[in-house]
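By convention in this document, chain letters (A, B, ...) are assigned in the order of the sequence lines, proteins followed by strands, and residues within each chain are numbered from 1. Only this structure's heavy atoms are used, side chains among them; waters, hydrogens and symmetry mates stay out.
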Protein chains: 2
Amino acid sequence: MRRSKKDRQQLLLETIGENPFVTDEELAERFEVSVQTIRLDRLELSIPELRERIKSVAEKNLSDEIKALPIEEIIGDIIDIELDKNAISIFDVKHEHVFKRNGIARGHHLFAQANSLAVAVINDELALTAKANIQFTRQVKEGERVIAKARVENRSLPGRTIVEVDSWVGGELVFKGQFEMYRSNIDEKEV
Amino acid sequence: MRRSKKDRQQLLLETIGENPFVTDEELAERFEVSVQTIRLDRLELSIPELRERIKSVAEKNLSDEIKALPIEEIIGDIIDIELDKNAISIFDVKHEHVFKRNGIARGHHLFAQANSLAVAVINDELALTAKANIQFTRQVKEGERVIAKARVENRSLPGRTIVEVDSWVGGELVFKGQFEMYRSNIDEKEV
DNA sequence: CGAACTATTATGACTAGGTACTAATAGTAG
DNA sequence: CTACTATTAGTACCTAGTCATAATAGTTCG
């Protein structure tokens, strides 16, 4: 045994988690076991075969697109949403989001996350940002995870909705914005 | 012939475009032709097989680096710049920048262009946005060219610089923002 | 009329990346 | 020694195709 069964299976989960596109054959080579062993492992761990994995990734994508009234191209992953009330999204700051020179996240990514969330939380297909008032209260670095929390204010004008978005890294406030959103379905009943 | 070859192939393109998960067999039933005919059609139209289609949908989704924003160092092309004074950039609104639903540009792209320009115009390697006050004054559609003009205000505070950015499409103002930028190379503490 | 051509269908051999099942072997524990 | 686990091997079968070849039906040209 190169590794214990348990270790290998743990690694297998991680490996497939990172890259669902890997075949049993490739995995067998990587772990220096036979293809059959990999298949037994997958069976025990209830990991579906390659094609099913790919399919589910694709379906997840497609279903996002279908249900995509507001959620078309959100920056960050929405993990919780209650339309017209509040929403939370996560955005992991990666290498491509930061200034090369100092590793600090470019402001527009934080803005994009907040703006996306503000658009998404509004229960309106055509929500658009009209104005925004924002502050970057702390610099965000590569590798940090930004949690944005949006809440819709009640004191909204007709046809306009105010959304407050606060973004946090750990316990620290890194971004604060007030978004004035235009909405189209002012007094209409919508589905 | 139930339909002409041309009609069927046109419909085939649309059908697969709407639902890439459909098999040749299902298509054959739908169009009342043999599976072989469907395959010939796909060959002529260069439509890849089901598995390849699913895979590409999945891959598109998985590369959230692309999804997260293909934002390089600068959004838009800077066509004129005078450090600490003013700068101009051009940003062409393409398909990937707009809401699918209505073809209106997502606010964060206009913000990103303006923010990028505000950072660039500051004669400081480590310029960062501290606050911004922005307005989206007119909707921008796919295909339009946005010209952003940044000018640095003199009335800046120590360690801070105010940059005004106005963005235009043709003669119309589409975006207006006031950016308060940090700068490090004034005798201030490191940021 | 027959030859030429297009469109369609059928057939068979082969492929990747599996599932499901059976069987053999190596190594360890009681 | 026996029981058991872990691993490997092999076979048949599956889906959703590719590729090549051939047969057939219908139409058009001369």
Side-chain angles (χ1 to χ4, degrees), chain A residues 1-68 72 77, chain B residues 1-68 95 100:
Chain A
M1 283 186 244
R2 285 110 257 182
R3 288 182 194 81
S4 78
K5 190 182 176 182
K6 233 179 179 177
D7 283 1
R8 190 189 56 238
Q9 293 195 341
Q10 184 54 43
L11 268 167
L12 193 69
L13 274 168
E14 288 169 21
T15 307
I16 295 178
E18 277 168 34
N19 173 24
F21 296 82
V22 65
T23 63
D24 287 358
E25 203 172 345
E26 287 165 349
L27 290 163
E29 278 174 36
R30 189 166 316 176
F31 295 119
E32 297 177 83
V33 291
S34 70
V35 175
Q36 285 75 6
T37 301
I38 296 295
R39 288 181 180 161
L40 274 175
D41 285 346
R42 278 200 299 99
L43 199 70
E44 287 176 19
L45 299 169
S46 304
I47 300 172
E49 65 167 282
L50 172 66
R51 289 157 187 160
E52 293 305 315
R53 295 196 300 267
I54 291 180
K55 205 170 164 185
S56 76
V57 172
E59 272 165 353
K60 194 176 148 199
N61 183 351
L62 204 77
S63 72
D64 280 356
E65 217 166 19
I66 288 165
K67 123 183 145 184
E72 283 183 26
D77 298 320
Chain B
M1 281 186 249
R2 285 111 256 181
R3 288 182 194 83
S4 78
K5 189 182 175 181
K6 235 179 177 174
D7 283 1
R8 189 189 57 237
Q9 292 194 344
Q10 184 53 44
L11 267 167
L12 193 70
L13 274 169
E14 287 169 23
T15 307
I16 295 179
E18 277 169 33
N19 174 23
F21 296 83
V22 65
T23 62
D24 287 356
E25 204 171 345
E26 287 164 351
L27 291 163
E29 278 174 37
R30 189 165 317 178
F31 296 118
E32 296 176 84
V33 291
S34 71
V35 174
Q36 286 74 7
T37 301
I38 296 294
R39 286 179 181 163
L40 274 174
D41 286 345
R42 277 201 299 99
L43 198 69
E44 286 175 21
L45 300 170
S46 303
I47 300 171
E49 65 168 280
L50 172 66
R51 288 159 188 159
E52 292 307 313
R53 295 197 300 269
I54 291 180
K55 205 171 165 185
S56 76
V57 172
E59 274 167 351
K60 203 168 144 195
N61 196 24
L62 201 75
S63 60
D64 43 276
E65 299 174 24
I66 291 166
K67 193 179 174 184
H95 191 65
K100 281 170 195 157

Open item on the list: From NZ of B/K5 over to P of C/dT9, roughly how many Å is that when rounded to an integer?
Closed with: 12 Å
Task: Value in whole Å for how far the P atom of D/dT18 lies from CD of B/E44 - done: 13 Å
Task: Least distance between heavy atoms, B/V22 atom then B/E26 atom - done: CG2-OE1, 3.2 Å
Open item on the list: When the axes are fitted on five pairs at both termini, how much does the helix from C/dC1-D/dG30 to C/dG30-D/dC1 curve, in 10° steps?
Closed with: 10°
TODO: Kindly indicate whether the side chain of B/T15, heavy atoms from C-beta on, has any atom under 4.5 Å from the side chain of B/L12.
DONE: no
TODO: Mind calculating the distance between CZ (B/F31) and P (C/dA7) to the nearest angstrom?
DONE: 17 Å
TODO: Could you walk me through whether A/R30 and A/L11 pass side chain to side chain contact (heavy atoms under 4.5 Å, CB included), step by step?
DONE: CA-CA 11 Å; A/R30 189 166 316 176; A/L11 268 167; over 6 Å; no
Open item on the list: Minimum heavy-atom separation for A/A58 and B/I54, please, with both atom names.
Closed with: CB-O, 3.5 Å
Task: Nearest-angstrom distance from the residue atom NZ of B/K55 to C1' of D/dG17 - done: 14 Å
For residues 43-52 of chain A, which side-chain donor-acceptor pairs fall under 3.5 Å, sequence neighbours excluded?
unit_1	atom_1	unit_2	atom_2	d
A/E44	OE1	A/K5	NZ	3.2
A/E44	OE1	A/Q9	NE2	2.9
A/E44	OE2	A/K5	NZ	3.1

- [ ] Please tell me if the side chains of B/D41 and B/F31 come closer than 4.5 Å, counting only heavy atoms from C-beta onward.
- [x] no
- [ ] Starting at atom CG of B/L43, determine the distance to atom C1' of D/dT21, rounded to an integer number of angstrom.
- [x] 15 Å
Task: Summary of protein contacts for nucleotides 10-19 of chain C, nucleotide by nucleotide, where a base hit scores B, a sugar-phosphate-only hit scores S (4.0 Å, heavy atoms) - done: BB----BBBB
Task: N/O (side chain, A/R8) to phosphate O (OP1/OP2, D/dT7) under 4.0 Å - done: yes
- [ ] Would you mind reading off the distance between A/L40 atom CG and C/dA24 atom P, rounded to a whole angstrom?
- [x] 17 Å
Task: Side chains of B/R39 and B/V35 in contact at under 4.5 Å (non-hydrogen atoms) - done: yes
Open item on the list: Run B/D24 and B/L27 through side chain to side chain contact (heavy atoms under 4.5 Å, CB included) and show every step you take.
Closed with: CA-CA 5 Å; B/D24 287 356; B/L27 291 163; 4.3 Å; yes
TODO: Let me know the distance between CG of B/D41 and C1' of C/dT8, rounded to the nearest Å.
DONE: 10 Å
- [ ] Can you measure from CD (B/E29) to OG1 (B/T23) and round to the nearest 0.5 angstrom?
- [x] 8.0 Å
